[in-house]
Amino acid sequence: MVKLPIYLDYNSTTPVDPRVLEAMLPYFNEKFGNAASRSHAFGWAAEEAVEVAREQVALLIGAEPKEIVFTSGATEGDNLALKGVFEAYATKGNHIITVATEHKAVLDSCHHIERLGGEVTYLPVDHDGLIDLAELEAAIRPTTILISVMYANNEIGAIQPIKAISAIARRHEALFFSDAVQAVGKIPVDVNADGIDILTLSAHKIYGPKGIGALYVRRRNPRVRLSAQMDGGGHERGMRSGTLNVPAIVGLGMACELCRQELATGSGGVLAGAGGASAESLRLGALRDRLEQGLLRIGATVNGSREHRLPHTTNISFNGVDGQALLAGLGKDVALSSGSACTSASMEPSYVLKALGVDDDLAHSSLRLGLGRWTTAEEVDYAIGRISETVRRLRETAVR
Ligand SMILES: *Cc1c(COP(=O)(O)O)cnc(C)c1O
């Protein structure tokens, strides 16, 4: 018998891995020092732990430790990247290019920048959720300072053509920023191979604690400048003041190290591409396909690209069924979200699905399913059964 409720909302957040928790614990009390205290052993121990974590984060994404800036999470990282570039490059230009399906932390930062006099182009996406590279190139102006495109989408899992985007950015001497929260730790991400200048990641999406993340800021070819958005003691190379959250940073570091080991295990190790998937992404991909096929049998549509997609994510619409009623019907047994958790307080259909051209009724009947490290085949089979039965019941009552 499976243990209920079943968690299928891993794109929203993940539990802390026990190995991460264990690494963090001493830093709450035994080793409680301030990493900025340079004059005693308590401070040195904390600083050493922070530097180990910095290396672990850097290693996962192919960066140098000095290029890692700790933040309170990806929301802060997205704000710092966009507003920080906008301020620091004001003499070069004021135009930013982003995409309609970005996370709210990116879109709302862009709206803020527009109120400050910046100009922002919001690229549309096709039915798969991917941008058109010719459209991107055509949107570039002499004043374009930054191109901001997420690595993989949180609602549909679509993976953007990152290398092609960075090549275009390079050619036009614009910086390339990527919100890589959903991709880092799940698929191979390498800031040099991918040509990324600034990147955000968040611990709680990769089995680390909430409230901590990191921003990668390139130091060479080109050296990226960012205006700090928080003034204070000048921590983190002056880009992010505030006493470092040492236990959380240690947790983020360990979470990255575990993901790195996981990604390196399997047929192709860290090599990207079809043959290079890790054992864990193959496992999750197989479970996701099993879930998807089970649900497609009752009449459903998959939203977004099925080809360029994260292995553990699917977004499915059940025609003739209201998503909220479906979630209510699943009750306490299967935990998932309809559309995006970030906007689920409102009854608006997901703006991501709308941007894909999914009609309102279908968007309203969509579920986002995210699998993770502890998802089992038994859980997937139970979820297929529970969702199918609920969909059938709702369709019958709708007909009467
Ligand atoms: C979760 C998420 C964020 C926000 O991260 P926090 O660390 O929770 O602030 C930003 N972007 C994407 C794509 C996300 O999935």
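Ligands are counted one by one from 1 in listed order, and the atoms in each one are counted from 1 as well. Heavy-atom basis, side chains included; hydrogens, waters and symmetry copies ignored. Numbering of residues begins at 1 and proceeds along the displayed sequence.
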(message) With side-chain hydrogen bond (donor to acceptor under 3.5 Å, both in side chains) as the criterion, how do Gln324 and His364 come out once you've worked through the C-alpha distance, each side chain's angles and the decisive distance to 0.1 Å?
(response) CA-CA 8 Å; Gln324 294 301 322; His364 268 305; over 6 Å; no
(message) Less than 4.0 angstrom from a charged side-chain N to a carboxylate O is my criterion; do Arg309 and Asp128 meet it?
(response) no
(request) With heavy atoms under 4.0 Å as the rule, classify the contact between Ala74 and ligand 1 as side chain, backbone, both or neither. (result) both
(request) Would you check if the distance from the ring center of Phe32 to the ring center of Phe42 is below 6.0 Å? (result) yes
(message) Counting non-hydrogen protein atoms only, what is the nearest one to atom 11 (N) of ligand 1? Give residue, atom name and distance.
(response) Asp179 OD2, 2.6 Å
(request) Can you sort out which atoms of ligand 1 are near Gly73, meaning under 4.0 Å from one of its heavy atoms? (result) 7 (O)
(message) For atom 4 (C) of ligand 1, what is the closest protein heavy atom, and at what distance to 0.1 Å?
(response) Thr75 OG1, 3.6 Å
(request) Determine, using the 4.5 Å side-chain heavy-atom cutoff (strictly less than), whether Leu21 and Val250 are members of one ILVMFWY cluster. (result) no
(message) I'd like to check whether Glu76 has a polar contact with ligand 1, where a contact means an N/O of the residue lying under 3.5 Å from an N/O of the ligand.
(response) no
(request) Check each of Lys210, Gln182, His103, Met150 against atom 12 (C) of ligand 1 and report the one with the nearest heavy atom. (result) His103
(message) Taking 4.0 angstrom as the limit and counting only heavy atoms of Ser202, give me the atoms of ligand 1 inside it, by number and element.
(response) 6 (P), 7 (O)
(message) I need the atoms of ligand 1 closer than 4.0 Å to a non-hydrogen atom of His204, numbered in the order shown.
(response) 6 (P), 7 (O), 8 (O)
(message) I'd like to know if Glu67 pairs up with Arg220 as an ion pair, taking the criterion as any Lys NZ or Arg NE/NH1/NH2 lying under 4.0 Å from an Asp or Glu carboxylate oxygen.
(response) no
(message) Regarding Arg54 and Glu236, does a basic nitrogen lie under 4.0 Å from an acidic carboxylate oxygen?
(response) yes
(message) Is there a polar contact between ligand 1 and Lys205, counting only N or O atoms under 3.5 Å apart?
(response) yes
(request) With the side chain counted from C-beta on, respond yes when Asp9 and Arg368 share a heavy-atom pair under 4.5 Å apart, and no when they do not. (result) yes
(message) Using a 4.0 Å cut-off to any heavy atom of Asn154, which atoms of ligand 1 qualify?
(response) 13 (C), 15 (O)
